[in-house]
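Both counts, for ligands and for their atoms, begin at 1 and track the order of listing.
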Amino acid sequence: MITKAEVEELLSSYDVSSLKVSTICSHSALQIFHGAKQLGFKTLGVTTPERRFVYEAFPLATPDKFIEVSEFKHMLDRWVQERLRAENAVIIPHGSFVEYLGPTEILERLRVPVFGNRAVLEWEGDRVKQRTWFKEAGLKTPRVFEDPSEVDCRVFVKFPGAKGGRGYFTAGSSEEVEARLEEAVRKGLIRDVREAYIQEFIPGVRYYFHYFYSPLAEGGLRVCGGRLELMSMDKRIEPIDEAYRGLPDVPEEFFDYTVTGNQPLVLRESLLKDALKMGARVVEASKRLFPPGIIGPFCLETIYHPDRGFTVFEVSARIVAGTNLYPSGSPYTVYLFEEPMSTGKRIAVELKMAVEKDRLREVVY
Ligand code: AMP
């Protein structure tokens, strides 16, 4: 694994007065480039040739320079990494960046400074580690069943590496889980029934909270010496959400959990205390488990039910696509900042502050 000391060594050859904010042209890159440009940073997009026009189609979010690769995984090629370092690039991780490169490859092979703490990718990508993190944070999580025979309630079944919920299903008994898993193997969704992840089905309303943890900012909600900001929230839209339209005879295709978009929402104000406490505990636990812990944007995926409170079923330890709803701020950022603030811009604010305070090493790994 590339050590923090190695990244600090790379940084020592950087001209920090001309850092370039860089990422893969996908996911939330428009927001990241747009925010960085507003703060006066130069920007660099790693793109495939066929996507370049998308990023040229939005001039205020077009990166100043592009590096073209035939496939995103080639970002790890030596020539690309050398070019990124020569450009003083700091990479902003997002969902597609982690998806295309893979957490292990990023940890083992990417010798370019990354915003935040890259060690978090190991904790985000591994379901067992994620549960350890939630437990350490004292969060309520769905029960997990090691084997279909243990199922004693309605369950939610997930597959590894599933693209945004594809193929997930719910079932009400051991027999049903077993039958559906065998079908999933036949369809090639999984190779072995043991690959499935069986969770208790949680009824309620889904809230995806977008946080930003800054070790540098002052005021606000103090957590471990830094500031925790609740930037915004969204709800993902999945075909299952529209299932009611087919009643009384719901076509099978509606029972699909693939994420297709995001909707804005606000939380009943009396529940904000829970949202803030959950975020704070996740930060505190991360500091104990993998110091210096999580830095920058992260998201908690939760389900709220009035009788059960919030149950957390997933953490994303980087900017999430749901923040794309708020390129000029959210109903919460107006109470945190004097100016319009997206999560992409917030990252640039943190980088700028780190450079000015000579504390870049604290927010980059
Ligand atoms: P995930 O891949 O974990 O983000 O889950 C994708 C979608 O599946 C979520 O957006 C929820 O709609 C649904 N989901 C995941 N876990 C559960 C659960 N334990 N109970 C009910 N719904 C869930």
- Query: Between K357 and E362, does at least one N-O distance fall below 4.0 Å, as a salt bridge requires?
  - Reply: no
- Message: Would I202 count as being in polar contact with ligand 1, using the rule that some N or O on each side must be under 3.5 angstrom apart?
- Response: yes
- Query: Can you tell which part of E238 has a heavy atom less than 4.0 Å from ligand 1: side chain, backbone, both or neither?
  - Reply: side chain
- Query: Does Y168 reach the main-chain N or O of F255 with its side chain, forming a donor-acceptor pair under 3.5 Å?
  - Reply: no
- Aromatic ring centroids of F156 and Y257 under 6.0 Å? yes
- Message: Any nitrogen or oxygen of Y208, side chain or backbone, less than 3.5 Å from one on ligand 1?
- Response: yes
- Heavy atom under 4.0 Å from ligand 1: found in F313's side chain, backbone, both, or neither? side chain
- Numbered atoms and elements of ligand 1 in range of E301, under 4.0 angstrom, heavy atoms: 4 (O)
- Answer yes or no: does atom CG of D249 have more than 12 heavy-atom neighbours from other residues, nucleotides or ligands under 6.0 Å? no
- Message: Tell me whether V259 reaches ligand 1 (any heavy atom closer than 4.0 angstrom to a ligand atom).
- Response: no
- Message: In this structure, is the centre-to-centre distance between the rings of F72 and Y100 below 6.0 Å?
- Response: yes
- Quick one: does W133's side chain have a donor or acceptor within less than 3.5 Å of a partner on A285's backbone? no
- Task: Answer with yes or no whether the side chains of S342 and H34 bring together a donor and an acceptor at under 3.5 Å.
- Result: no
- What atoms of ligand 1 come within less than 4.0 Å of a heavy atom belonging to R206? 10 (O), 11 (C), 12 (O)
- Numbered atoms and elements of ligand 1 in range of R236, under 4.0 angstrom, heavy atoms: 4 (O)
- Task: Provide the number and element of each atom of ligand 1 under 4.0 Å from a heavy atom of I303.
- Result: 20 (N), 21 (C), 22 (N)
